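Predicted, not measured: the structure shown is a model, and the values here were computed from it. Order of the sequence lines fixes the chain letters, A, B, ..., with proteins taken first and strands second; residue numbering starts at 1 for each chain.
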Protein chains: 2
Amino acid sequence: MPSPRPRTRIQARNSEAILDAALEVFSQYGFRGATLDQIAEVAGLSKPNLLYYFPSKEAIHIALLSGLMDTWLAPLRALHHDGEPVEEILDYMRRKLEMSRLYPRESRLFANEILQGAPRILDQIEGDLKALVDDKAALITTWIAEGRLAPVDPRHLLFSIWATTQHYADFDIQVHRVLGVEGDAPYAEATRFLTQMYRATLTPQPR
Amino acid sequence: MPSPRPRTRIQARNSEAILDAALEVFSQYGFRGATLDQIAEVAGLSKPNLLYYFPSKEAIHIALLSGLMDTWLAPLRALHHDGEPVEEILDYMRRKLEMSRLYPRESRLFANEILQGAPRILDQIEGDLKALVDDKAALITTWIAEGRLAPVDPRHLLFSIWATTQHYADFDIQVHRVLGVEGDAPYAEATRFLTQMYRATLTPQPR
DNA sequence: TGATGATTTGACCGAATGGTCAGCGGCAGG
DNA sequence: CCTGCCGCTGACCATTCGGTCAAATCATCA
């Protein structure tokens, strides 16, 4: 039984190929809709060979998800209490949007998992994620109390940032077809629009 | 071969039960991840009986999607050129949010279809949806030119409204677990937050 | 070079999948 | 009461599914 983490060069290469192919397939069809044959074909390996590196379909899925959560929360963790509050949150939004641009498959994998009821990451959502949100919401509340941020609901502010930024990854096709363009152009426009929207929302009004 | 639209009372009842069950299952697992046995069980019918009313799994899916698109676009169609621009768009946002609250399964079905590459509704996205967006974007541009709306990118404004409102249906579980609440409470809070955000974003600044 | 373990695969398995079909029961109209 | 059709089902089918295994091949190093 090979260890889940690669030890030899060839194990590293194949494990990575499998995870990459699995990300491709799972992110599009969800766990139940994806098949091992599909993943094997994308990875350029035979199905039994997949199962030589991972004991089951679910193990591949779990391997993807467990690595994903930390990556996904990193931008929010980087929301620091030093710096100008409005710009801090704008930076967070831009980091999140950049994640959607660079890692759309990861975003879709996450979306698929949530849509299916988050059976494999519910504890992390109720644990790590909730704790992190509580923490950052407290920080935002402090900023508001100091008058450095317009009074907004901190949690729904975060929800809206997640929603707007991930939309460009998850609904990628819709965005491109409605705009009638291809490539990364929507992200540049989105950066401008979202910067404008959140600046208007968050800038405190002296009165 | 029974016609797709019910003619007798019993056909109406069963067709509706099937579509309702299929909506339940498809919206959670996507087309490929859903099974006829699952739908049959939820509908309280036998699998062959499903296929007495619909010729195939795909036919059920198509029946759901074709009915969905019009319902889904109705709120945007109702964006009128009379009335105060800011309040018109706020009303649209609230209608969309109300749709998420009342029809979360429809929202998830749509999200699943887009995630999987929109194989069955791509033409409608490039056709009806794009045309509608172009039309309403022109209206918004007019409002901006008249100084009755802050200058924003109209299409990305619509994207952000879709994203934020549908988020409460599609990521329902995450929202509830992170907030630590159950029921419709998030929708009331979201209405307040989003009203505040879009009012701040859209209200023109006299200078 | 030979030995040894890592890697790969064809053949296969039982279960689940979408779908078919002959026929049964019941109900409506004559 | 008979007839005929609508609604429904159990049994079945071919394919695909996740997964196993023995055997073949490959790579490495003594």
**Request:** Would you jot down, in residue-number order, the residues of residues 30-45 of chain A having a non-hydrogen atom under 4.0 Å from DNA chain C?
**Result:** none
Quickly work out the [X] [atom1] to [N] [atom2] distance and round it to whole Å.
X       : N      : atom1 : atom2 : result
A/Ile18 : C/dT8  : CD1   : C1'   : 12 Å
B/Leu50 : D/dC8  : CG    : P     : 11 Å
A/Arg9  : C/dT7  : CZ    : P     : 11 Å
B/Asn49 : C/dA22 : CG    : P     : 18 Å
B/Ile10 : D/dC5  : CD1   : P     : 18 Å
A/Asn14 : D/dC26 : CG    : P     : 15 Å

Closest nucleotide among [options] to the [X] side chain:
X       : options               : result
B/Lys57 : C/dG18, C/dT9, D/dT9  : C/dG18
B/Lys47 : C/dT7, C/dG19, D/dC8  : C/dG19
A/Leu51 : D/dG19, D/dG7, C/dT20 : D/dG19

N or O in side chain of [X] less than 4.0 angstrom from [N] OP1/OP2:
X       : N      : result
A/Tyr53 : C/dT8  : yes
B/Gln11 : D/dG7  : yes
A/Ser46 : C/dT8  : no
B/Tyr52 : C/dG19 : no

Please check: side-chain N/O of [X] versus main-chain N/O of [Y], any donor-acceptor pairing under 3.5 Å?
X        : Y        : result
B/Lys57  : B/Ala34  : yes
A/Gln166 : B/His167 : no
A/Ser15  : A/Ala12  : no

**Asked** salt bridge (Lys or Arg N to Asp or Glu O under 4.0 Å): which pairs involve residues 157-178 of chain B, sequence neighbours left out?
**Response** A/Glu126-B/Arg177
**Prompt:** Which word best sums up how the rings of B/Tyr168 and A/Phe159 line up, parallel for under 30°, tilted for 30 to 60°, or perpendicular for over 60°?
**Reply:**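 B/Tyr168 vs A/Phe159 ring planes: perpendicular.
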**Message:** Within the supplied structure, the quantity of interest is the number of heavy atoms (other residues, nucleotides, ligands) at a distance under 6.0 Å from B/Tyr187 OH; does it exceed 12?
**Reply:**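 Count over threshold, so yes.
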**Prompt:** Looking at residues at least two apart in the chain, or sitting in another chain, which of them share a salt bridge (charged side-chain N to carboxylate O under 4.0 Å, His left out) with B/Asp82?
**Reply:**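 Applying salt bridge (charged side-chain N to carboxylate O under 4.0 Å, His left out) to B/Asp82 gives none.
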